[in-house]
Amino acid sequence: MMVIQPINYSFFQQPTLDLARALLGKLLVKETELGTVSGWIVETEAYIGPEDRAAHGFENRRTKRTEVMFGPPGYAYTYVMHTHCLMNVVSGEIGCPEAVLIRALEPCCGIDLMYQRRGKEKKELALTNGPGKLTKSLGIVKGDYGRALFEYPLFIAEGKEIGSIAVGPRIGIHNSREAVHYPWRFWVKDSRFVSK
DNA sequence: TATGGGATTGTCT
DNA sequence: GACAATCCCATAA
């Protein structure tokens, strides 16, 4: 039986835009009492606080909610958006509110459990092709806020080789003026599992 | 305590 | 394409 190991901590010690690319093809894993679910990351977005009007940490806004982004990289920043939970990987140096949003996965293991959580009538694509969908499939919740992503039960692991990477503007931030156009969204060009 | 808005999704037109 | 669902959080008073 194959054992999945969390990635080394040093993986998270790179600039946010580099990390956003490096995360493509990696495996995101969540273990619960119900079982283990994982998926290969195929789409990410970078948020770089001080200069990024679309980021929650814009102008270093430091609150209870954004606090984890000011800490060391490699931890989970989860928050609730309308009726859904979204998952980010904290990046950047201590004191810098930067993070990478995980927007889409390609299902890997635990697909039965994904259907159980999302609804059996859903199509396979609808399990993980959006930031709110993948958290539900993996069982990631607001309570995972601040968890280390290099330890069980919620972690990043080595994945598989990917083809070319596509780059473009981020999604869902139309009120963010000039930041709307920053090319900080990255996805696996040939993947069927990206959002939208 | 009250208020306004949002890094989404699903449904309806 | 438009909009409702539904709720957390930051801000102001």
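Only heavy atoms go into these numbers, but all of them, side chains included; no hydrogens, no water, no symmetry mates.
Residues in residues 5-28 of chain A take part in these salt bridge (Lys or Arg N to Asp or Glu O under 4.0 Å) pairs, two or more places apart or across chains: A/K26-A/E158. Residue pairs meeting the salt bridge (Lys or Arg N to Asp or Glu O under 4.0 Å) criterion with at least one partner in residues 66-86 of chain A, sequence neighbours excluded, are A/R62-A/E67. Sorted by first then second residue, the side chain to side chain donor-acceptor pair (under 3.5 Å) pairs that include residues 83-97 of chain A, not counting sequence neighbours, are A/T16-A/S91. Screening residues 80-92 of chain A for salt bridge (Lys or Arg N to Asp or Glu O under 4.0 Å) gives no qualifying pairs among residues at least two apart or on separate chains.
Heavy-atom contacts from other residues, nucleotides or ligands closer than 6.0 Å to NZ of A/K196 number 12 or fewer.
Residues meeting the side-chain hydrogen bond (donor to acceptor under 3.5 Å, both in side chains) test with A/T128, sequence neighbours left out: none. Take A/E59 and apply the side-chain contact (heavy atoms from CB on, under 4.5 Å) test, not counting sequence neighbours, and it matches no residue. Scanning for side-chain hydrogen bond (donor to acceptor under 3.5 Å, both in side chains) contacts around A/R118 gives an empty result, with sequence neighbours left out. Looking at residues two or more places apart in sequence or on another chain, you find a side-chain contact (heavy atoms from CB on, under 4.5 Å) between A/P183 and A/V167.
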Per-nucleotide protein contact along nucleotides 6-13 of chain B, 5' to 3', at a 4.0 Å heavy-atom cut-off (B base, S sugar-phosphate only, - neither), is BBBSS---
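Nucleic acid contact for A/R170: none, since no nucleic acid atom lies under 4.0 Å from a heavy atom of the residue.
If you walk DNA chain C from 5' to 3' and mark each nucleotide with an atom closer than 4.0 Å to a heavy atom of chain A, the marks span C/dA5 to C/dT11.
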For DNA chain B, just give me the dot-bracket, please: Watson-Crick or G-U, both distances below 3.5 Å, ( ) intra-strand, [ ] crossing earlier pairs, | paired with another strand, . unpaired.
||||||.|||||.
Mind listing the side-chain donor-acceptor pairs of residues 38-45 of chain A below 3.5 Å, one per line with the distance, residues two or more places apart or on another chain?
residue	atom	partner	partner atom	Å
A/S38	OG	A/C109	N	3.3
A/E43	OE1	A/S195	N	2.6
A/E43	OE1	A/S195	OG	3.0
A/E43	OE2	A/R103	NE	3.2
A/E43	OE2	A/R185	NE	2.7
A/E43	OE2	A/R185	NH2	2.9
A/E43	OE2	A/S195	OG	3.0
A/T44	OG1	A/A20	O	2.9
A/E45	OE1	A/Y47	OH	2.7
A/E45	OE2	A/I171	N	2.9

